[in-house]
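Step one of this worksheet: look at the structure below.
Because the structure is a prediction, the values reported are computed rather than measured.
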Amino acid sequence: MATAAGGFVANLGSPGLLHLLSFFALLAGLCRGNSVERKIYIPLNKTAPCVRLLNATHQIGCHSSISGDTGVIHVVEKEEDLQWVLTDGPNPPYVVLLEGTLFTRKVMEKLKGSTSRIAGLAVSLAKPSPPSGFSPSVQCPNDGFGIYSNSYGPEFAHCGEIQWNYLGNGLAYEDFSFPIFLLEDENETNVIKQCYRDHNLNQNGSAPAFPLCAMQLFSHMHAVISTVTCMRRSSIQSTFSINPEIVCDPLSDYNVWSMLKPINASGTIEPDDRVVVAATQLDSRSFFWNVAPGAESAVASFVTQLAAAEALHKAPDVTTLPHNVMFVFFQGETFDYIGSSRMVYDMEKGKFPIRLENIDSFVELKQVALRNSLELWMHTDPMSQKNESVQNQVEHLLTTLQKSGTGVPAVVLRRLNQSQPLPPSSLQRFLRARNISGVVLADHPTVFHNRYYQSIYDTAENINVSYPEWQSPEEDLNFVTDTAKALADVATVLGRALYQLAGGTKFSDNIQADPQTVTRLLYGFLVRANNSWFQSFLRQDLRSILGDGPLQHYIAVSSPTNTTYIVQCALANLTGEVTDLTREQCQDPSKVPNENKDLYEYTWVQGPMNSNQTDRLPRCVRSTARLARALSPAFELGQWGSTEYSTWTESRWKDISARIFLIASKELEFVTLTVGFGVLVFSLIITYCINAKADVLFIAPREPGAVSF
């Protein structure tokens, strides 16, 4: 028994076993670490950050330090509450929880001027939307990148005659040295406010006692100064580093386009062929990253154009019309006309099937959902009309539009003074390259009717899209709203005008946009993307892009974006035809006689539900809906400091997050650090002493052979 006992002691003291026990102790500590973290921190999962964007000359947006910025929470519900944050509060820096109605330029300038006391800002959504309006964009969108300049139409340059977005406060184009987050979930906002009331609310003007409720915001941006600087750094990294660290990426995506009559997409059409262009934009933005509902800024117009394309394709004689019609949906127009400038560049360089010389006329839809009474305004360019030939063509274009509107009583097309400039529009980029006859259709004669231009409040409610509360989501999808009816009327006018501009005469009155199509599109883009109709025309591999909320229409840097995919699929569904090809044939139509990949795009979609509502009926759709690159020519040419083309880039980052927790006083933190350091020193001394006297304290076990019985 003595031998057995002696052997056990020896094994327990062996270095290998001690290492094994230490490993298990460390593993147990790591496993418990997450649990401890959850007890300390409350993560905020439904937030949207303000991120850094850059162009040729400067940077805009927000960022945090590399380790995140932490501050004591202070709720600001009225402007007077700022006094505590800016001067009176004894525990700076502060993270301000700002009511949405106070997110104004006046308040932000005060906070920006006290950066030593401000660690960050969390903005709650205002409900209802601010009645006076809110637009963080500038008053003259895309200034300097349109047709007007100091040398061409100087009286119209820099919106000298009309400040189109008169409510614009320019906040989205400012540079902030602290992080700013949007709180998208009301429940999380209430949790923060309750934490503030429990710990931070001062009593009778005295400072609150520790511990205090604090917030930490992580949004460190890698790029600085300008696009020129960040692209140069990224280029050097890519050239000399095995694992390059890219610090910024160009904003880019794809334009969506289709033809009324198919053309060879791999070649170019004949010089004498004439094309009528119907254009609109797909993108929008707000102050916060990837929060861009864009109901009036973008969605209403591209939904109207989709409905017009469907109506025009149903005309019996479209294949015999003298002219072709191109429907194009531009991406990135919010950022100095990325999509339209790229298409013009490709047309000039012969990289697109259609050249500028082929364009007969250009009709663009801008903001069309907020019409006063029945009026739809026709904007034209006064400078190009100084050419008599162009003026005659524009006159014919306006006359055709007015004639098309006579059969639609709900839409009254109005002309404007010929001396009034164009509003910000893609047409300006085409006119910059060539004098063509063009018109921009909008719901405003002068300044925007949209009080929430490029903001978080440009939602379905802004264009009066609402549904009865008792309806199911499927019933909402098919419920025809008044807004859908109004936009369908505009789509009808557009479809008839395009038909006549293409040379059609017989069936103009038969062209009628479907309000059901419009209402489904509005519901999918503005209310709930994950619906049965959107599912039916998407490829199976794209199902995951449909969420239970509305889509966001920010161009981003990873492309194609969800909006681009869905618009292309919707356009194919509305204008294409279902074929009897199998899945394999649909994915490789080159092996099928009488099918031509150069003329058509082939898409294998999920299809509608069967009669039992148990399975979908997949099918192959053949259409002319295609994608074209929407990357600014500045990046293709390597001209990062260009003043001709858009140079917007987005900074990269590693972590975007926000969380709240309780913090102790500085004094307690110092005491804790001191005690901890003292324990460490004491432990080192004890360890040294034990090690020095180890031969006395620990007796080595005897060899088993030396034991006598």
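- The backbone N or O of Ser646 sits nowhere less than 3.5 Å from a side-chain atom of Asp336 that would complete a donor-acceptor pair.
- Side-chain atoms of Ile660 and Val191, non-hydrogen and from C-beta on, do get closer than 4.5 Å to each other.
- Taking the ring axis of Tyr94 as reference, the NZ or CZ atom of Arg117 does not stay both within 45° of it and closer than 6.0 Å to the ring centre.
- Cation-pi geometry between Arg629 and Phe330 is not met at under 6.0 angstrom from the ring centre and within 45 degrees of the axis.
- Sorted by first and then second residue, the salt bridge (Lys or Arg N to Asp or Glu O under 4.0 Å) pairs involving residues 120-139 (not counting sequence neighbours) are Lys127-Glu186.
- Side-chain atoms of His553 and Thr563 include a donor-acceptor pair closer than 3.5 Å.
- Atoms CZ and CG, on Phe329 and Asn255 in that order, are 11.0 Å from each other to the nearest 0.5 Å.
- Ser642 places no side-chain N or O within 3.5 Å of a backbone atom of Gln639 that could act as its donor or acceptor partner.
- Looking at Leu526 and Ile463, their side chains come closer than 4.5 Å, going by heavy atoms from C-beta outward.
- A donor-acceptor pair is defined here as one N or O able to donate and one able to accept, closer than 3.5 Å; such a pair exists between the side chain of Arg52 and the backbone of Ala223.
- Under the 4.5 Å side-chain criterion, counting only non-hydrogen atoms from C-beta, Met108 is in contact with Leu171.
- Atom OG1 in Thr334 sits 6.0 Å away from atom OH in Tyr453 (nearest 0.5 Å).
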Full working for side chain to side chain contact (heavy atoms under 4.5 Å, CB included) between Ile555 and Trp648: CA-CA 11 Å; Ile555 179 175; Trp648 285 106; over 6 Å; no
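- Under the 3.5 Å distance criterion, with hydrogens and angles disregarded, a donor-acceptor pair is assigned to the side chains of Ser301 and Thr280.
- Using a 4.0 Å cut-off between a side-chain N of Lys or Arg and a carboxylate O of Asp or Glu, Glu174 and Lys112 qualify as a salt bridge.
- For Thr672 (side chain) and Leu668 (main-chain N/O), a donor-acceptor pair under 3.5 Å exists by modelled atom type.
- Considering only residues two or more places apart in sequence or on other chains, Phe534 meets the ring pair (Phe, Tyr, Trp, His ring centres under 6.0 Å) condition with Phe525, Phe537.
- Side-chain contact annotation: Asp253 with Thr564, donor-acceptor N/O pair under 3.5 Å present.
- When all heavy atoms of Ala119 and Val95 are compared, the closest pair comes out as CB-CG2, 4.0 Å.
- Val107 has its side chain within reach of Leu82: a pair of non-hydrogen atoms, C-beta onward, lies under 4.5 Å apart.
- No side-chain N or O of Thr57 forms a donor-acceptor pair with one of Ser226 less than 3.5 Å apart.
- One finds a salt bridge joining Glu99 and Lys193 here, because a Lys/Arg side-chain nitrogen approaches an Asp/Glu carboxylate oxygen to under 4.0 Å.
- Leu53 has its side chain out of reach of Gln59: every pair of non-hydrogen atoms, C-beta onward, lies at least 4.5 Å apart.
- Residues Leu370 and Asp443 come closest through the heavy atom pair N-OD2, 2.9 Å.
- Of the N and O atoms on the side chains of Ser665 and Glu669, not one donor lies less than 3.5 Å from an acceptor on the other residue.
- A 4.5 Å side-chain heavy-atom check between Leu44 and Arg659 finds every atom pair outside the cut-off.
- Looking at every heavy atom in both residues, Pro250 comes nearest to Val557 through O-CG1, 3.4 Å.
- Note that the CZ atom of Arg232 and the CH2 atom of Trp640 stand 8.5 Å from one another [nearest 0.5 Å].
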Working for side chain to side chain contact (heavy atoms under 4.5 Å, CB included), residues Ile656 and Met221: CA-CA 10 Å; Ile656 296 280; Met221 300 289 129; 3.9 Å; yes
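- Remark: of the listed residues Thr561, Val256, Leu251, Thr561 is the sole one forming a side-chain contact (heavy atoms from CB on, under 4.5 Å) with Gln331.
- Note: Glu461 CD to Ser129 OG = 7.0 Å, rounded to the nearest 0.5 Å.
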Pair Phe145-Tyr337, ring pair (Phe, Tyr, Trp, His ring centres under 6.0 Å): steps then yes or no: CA-CA 7 Å; Phe145 289 86; Tyr337 306 118; 7.9 Å; no
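- Other residues, nucleotides and ligands contribute only 12 or fewer heavy atoms inside 6.0 Å of the CD1 atom of Ile66.
- Contact record, Tyr645 with Ser632: CB-OG, 3.5 Å, taken as the closest heavy-atom pair.
- By the neighbour-count criterion of 12 heavy atoms within 6.0 Å, atom OH of Tyr41 is densely surrounded, having more than that number from other residues, nucleotides or ligands.
- Interatomic distance, Glu296 CD to Thr459 OG1, rounded to the nearest 0.5 Å: 11.5 Å.
- For the residue pair Asn55 and Thr647, no side-chain donor N or O sits within less than 3.5 Å of a side-chain acceptor on the partner.
- In the model, Gln281 has no side-chain atom that pairs as donor or acceptor with a side-chain atom of Ser426 under 3.5 Å.
- In this structure, a donor-acceptor pair under 3.5 Å is present between the side chains of Ser297 and Asp458.
- Using cut-offs of 30° and 60° on the angle between ring planes, the pair His444 and His449 is perpendicular.
- When all heavy atoms of Pro90 and Ala207 are compared, the closest pair comes out as CG-CB, 3.5 Å.
- A distance-only check finds a donor-acceptor pair linking the side chain of Ser651 to the backbone of His222 [under 3.5 Å].
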Intermediate values then yes/no, ring pair (Phe, Tyr, Trp, His ring centres under 6.0 Å), Phe134 and Tyr452: CA-CA 5 Å; Phe134 173 76; Tyr452 307 108; 8.2 Å; no
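- Put simply, the side chain of Ser238 never gets that close to the backbone of Ile236: no donor and acceptor are under 3.5 Å apart.
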Step-by-step side chain to side chain contact (heavy atoms under 4.5 Å, CB included) determination, Leu662 to Cys195: CA-CA 9 Å; Leu662 297 180; Cys195 185; 4.3 Å; yes
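- Taking the charged nitrogens against the carboxylate oxygens, Lys106 and Glu79 do have a contact shorter than 4.0 Å, which makes a salt bridge.
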Stepwise side chain to side chain contact (heavy atoms under 4.5 Å, CB included) check, Val76 with Trp84: CA-CA 9 Å; Val76 175; Trp84 182 267; over 6 Å; no
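- In this structure, Ser234 and Cys248 approach most closely via the heavy-atom pair OG-N, 3.8 Å.
- At least one side-chain heavy atom of Asn531 sits under 4.5 Å from a side-chain heavy atom of Tyr523.
- Put simply, CH2 on Trp164 and OG on Ser137 are 14.5 Å apart, with the number rounded to the nearest 0.5 Å.
- Pro179 has its side chain out of reach of Cys62: every pair of non-hydrogen atoms, C-beta onward, lies at least 4.5 Å apart.
- Two rings, from Phe103 and Phe287, have their centers less than 6.0 Å apart.
- Using a 3.5 Å distance cut-off with no hydrogens or angles, the side chains of Gln216 and Asp69 do not pair a donor with an acceptor.
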